[in-house]
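When reading the values below, keep in mind they use all heavy atoms of this one structure, side chains included, and skip hydrogens, waters and symmetry mates.
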2 protein chains.
Amino acid sequence: MPKAKFEGIYRSIKQKIEAQDYPYQSLLPSENTLIAEYGCSRNTVRRALAELSDEGYIQPIQGKGVRVIYQPVGKTTFIIGGIETFQETARRNHLHAVTKVTRFETVVADEKFARESGFAPGDELWAVERVRYLDGKALILDVNYFLKEFMPGLTPEIAARSIYEYIENELGMQIVTSKRKMTVERATIRDEQRLDLNGYDCVAVITNHTFNSDGLMFEYTRSRHQPDYFCFQDTATRKK
Amino acid sequence: MPKAKFEGIYRSIKQKIEAQDYPYQSLLPSENTLIAEYGCSRNTVRRALAELSDEGYIQPIQGKGVRVIYQPVGKTTFIIGGIETFQETARRNHLHAVTKVTRFETVVADEKFARESGFAPGDELWAVERVRYLDGKALILDVNYFLKEFMPGLTPEIAARSIYEYIENELGMQIVTSKRKMTVERATIRDEQRLDLNGYDCVAVITNHTFNSDGLMFEYTRSRHQPDYFCFQDTATRKK
DNA sequence: GCCGATTTGTCCGTATGTATC
DNA sequence: CGATACATACGGACAAATCGG
């Protein structure tokens with residue numbers, strides 16, 4: 001059940017677009033029509049539309065209407081967008097997921113690592129290395145660093161299950177913002193040892209800074225992906 | 001000069017954050033303070049803040065304030081984010097850019113290509129292949145398809161300069177939304193012929209669907225990047 | 001633990017500007 | 001030119017979260 005009104009409207013319209021009830025290239029009902037339909041103010045409708053516009057579902061055209069630009073994606077694509085846990089991603093793609101913890105220890109950030117990661121020198125961190133398997137193939141090598149102070153009770157067993165679930169359900173901490181960088185790097189010896197590289201000499205690397213609901217960075221992660229199952233989606237809008 | 005009021009406020013605050021006038025981890029002045037400072041309504045301030053939040057500059061905390069989570073990026077990073085022309089990217093990174101057109105012809109979308117690209121079967125398209133050089137190294141192989149009907153006057157000379165400039169300045173057409181997919185693919189024979197791969201056997205591939213201000217898809221592009229200078233940035237916020 | 005002040009989150013109604021047809 | 005549709009802006013109201021006394 002959506003808490004906010006605009007969210008319900010957002011979901012309703014989104015669903016109709018995905019069901020192609022509002023088909024690709026068609027114009028949505030006008031804002032005034034939607035106001036009448038949902039019994040709300042103009043601002044509330046516009047808020048829902050803004051969200052859909054951000055996600056690349058629609059594009060408003062001043063004086064004309066709101067065009068649907070959503071097209072259903074091919075079912076084979078493996079999407080790593082938004083902030084999603086490994087488990088969520090696996091489930092959505094109907095794949096069997098296994099996680100193996102290959103390192104679990106405490107480290108202290110030195111000057112150099114602080115600059116790289118964004119932590120402060122002297123911060124005590126959990127260093128966790130995990131290999132992710134999908135359908136028996138080792139595809140992702142994750143190296144996470146967590147501020148120890150925020151999760152003193154972390155264990156290898158939790159790391160093998162889902163750290164995010166632990167953070168959100170056990171600790172009641174909310175993950176809000178995630179800043180990511182995507183690059184391609186040559187595979188290291190360690191990549192070759194840990195991953196099924198399938199002949200590739202490169203990996204896709206996602207570097208991640210995660211902030212909790214207090215605006216504090218508590219996680220720094222580098223994920224190294226075997227290229228076959230890696231896909232990253234994005235929508236950008238150009239500033240006027 | 002910003003047309004809209006909220007945009008001026010957005011830029012002002014953004015600048016202060018980048019100058020670390022509002023430093024990392026600090027709280028912004030409260031909305032009421034900003035209202036007084038900029039002489040505007042609450043909605044207008046909030047609109048500016050929403051934009052900054054989307055871009056990962058700030059994170060609002062209900063009941064507490066708005067935390068700055070922006071940290072200046074290292075100067076070596078080469079960012080290909082937003083919708084930016086090749087020239088804009090080169091200029092921002094102080095690199096000398098050259099473009100060579102290696103293919104320029106008309107094609108008609110068949111059934112298969114229509115499914116891949118999102119064009120309609122039978123659409124007449126410009127097919128343009130270009131190699132991008134930065135500081136003398138061939139780093140990017142672009143293959144663009146444009147709806148011919150929208151740009152009948154396209155020439156190889158324009159393609160060698162800047163097609164986006166032509167579209168926006170000459171044709172007065174506005175580019176609004178761009179949907180992108182990022183993957184990593186094994187380098188092809190053609191990649192090896194055209195690019196300075198520096199020993200890599202992979203390329204980063206960005207697949208792009210571009211919509212104009214009428215919400216019509218008029219461009220489909222696949223850009224193949226040599227890994228060394230490739231970086232893609234993104235900010236995600238988790239839904240409640 | 002409670003209360004009140006502060007701060008952000010949501011929603012409403014209205015007015016005016018601008019682009020399209 | 002007028003009607004319609006989206007864009008911007010204002011002001012007000014109440015809810016929800018935080019924090020200090």
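Separating the CZ atom of Arg47(B) from the P atom of dC6(D) is a distance of 15 Å, rounded to the nearest angstrom. Straight-line distance from the CD1 atom of Ile35(A) to the P atom of dT4(D): 15 Å, rounded to whole Å. At whole-Å resolution of the value, CD in Glu7(B) and P in dA7(D) are 14 Å apart. Separating the CD atom of Gln59(B) from the P atom of dT18(D) is a distance of 13 Å, rounded to the nearest angstrom. Rounded to whole angstrom, the span from the CZ atom of Arg46(A) across to the P atom of dC10(D) amounts to 15 Å. Tyr10(B) places its OH atom 14 Å from the P atom of dT8(D), with the value rounded to the nearest Å. Put simply, CG on Asn212(B) is 17 Å from P on dA19(C), counting in whole angstrom units. Spacing between atom OH of Tyr38(B) and atom P of dA9(D) amounts to 14 Å, rounded to whole angstrom units.
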Give every pair of a protein N or O atom and an N or O atom of nucleotides 1-7 of chain C that lie under 3.5 Å apart, one pair per line with the distance.
unit_1, atom_1, unit_2, atom_2, d
dT7(C), O2, Gly63(B), N, 3.4

Could you go through nucleotides 13-16 of chain C and list every protein N or O atom that sits under 3.5 Å from one of its N or O atoms, giving the distance for each pair?
unit_1, atom_1, unit_2, atom_2, d
dG13(C), O6, Asn43(A), ND2, 2.9

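Remark: Glu105(B) pairs with Arg103(B) by the salt bridge (charged side-chain N to carboxylate O under 4.0 Å, His left out) rule, at least two apart or across chains. For Ala97(B), the side-chain contact (heavy atoms from CB on, under 4.5 Å) criterion is met by Phe86(B), Ala90(B), Leu134(B), not counting sequence neighbours. In this structure Tyr220(A) satisfies the side-chain hydrogen bond (donor to acceptor under 3.5 Å, both in side chains) test together with Glu116(A), sequence neighbours excluded. Partners of Glu37(A) according to the side-chain contact (heavy atoms from CB on, under 4.5 Å) rule, which considers only residues two or more places apart in sequence or in another chain, are Lys16(A), Tyr22(A), Leu34(A). By the salt bridge (charged side-chain N to carboxylate O under 4.0 Å, His left out) test, Arg67(A) is found to be paired with no residue, residues two or more places apart in sequence or in another chain being considered. Partners of Glu124(A) by side-chain hydrogen bond (donor to acceptor under 3.5 Å, both in side chains), not counting sequence neighbours: none found. Under the salt bridge (charged side-chain N to carboxylate O under 4.0 Å, His left out) criterion, Asp54(B) pairs with no residue, sequence neighbours left out. With sequence neighbours excluded, the residues forming a salt bridge (charged side-chain N to carboxylate O under 4.0 Å, His left out) with Arg42(A) are Glu31(A), listed by chain and number.
Each end of the helix from dC2(C)-dG21(D) to dC21(C)-dG2(D) gets its own axis from five base pairs, and the two axes differ in direction by 10°, given to 10 degrees.
Each of Gly39(A) and Pro29(B) was matched to the nucleotide of DNA chain C holding its nearest heavy atom; the match closer to the 5' end belongs to Pro29(B). In terms of position along DNA chain D, the nucleotide closest to Phe6(B) lies nearer the 5' end than the nucleotide closest to the other residue of the pair Asp214(A) and Phe6(B).
Side-chain N/O atoms of Lys5(B) include none lying less than 4.0 angstrom from OP1 or OP2 on dA7(D). The side chain of Thr44(B) contributes no N or O atom lying less than 4.0 Å from OP1 or OP2 of dT8(D).
In this structure, Lys14(A) pairs ionically with Glu55(A), as a charged nitrogen and a carboxylate oxygen lie closer than 4.0 Å.
With hydrogens and angles left out, the side-chain atoms of Glu18(A) and Tyr57(A) include a donor and acceptor closer than 3.5 Å.
Using a 4.5 Å heavy-atom cutoff, the side chains of Ile13(B) and Leu52(B) are in contact.
Counting only residues at least two apart or on different chains, the side-chain hydrogen bond (donor to acceptor under 3.5 Å, both in side chains) pairs with a member in residues 148-158 of chain A are Thr106(A)-Lys148(A), Thr155(A)-Glu157(A).
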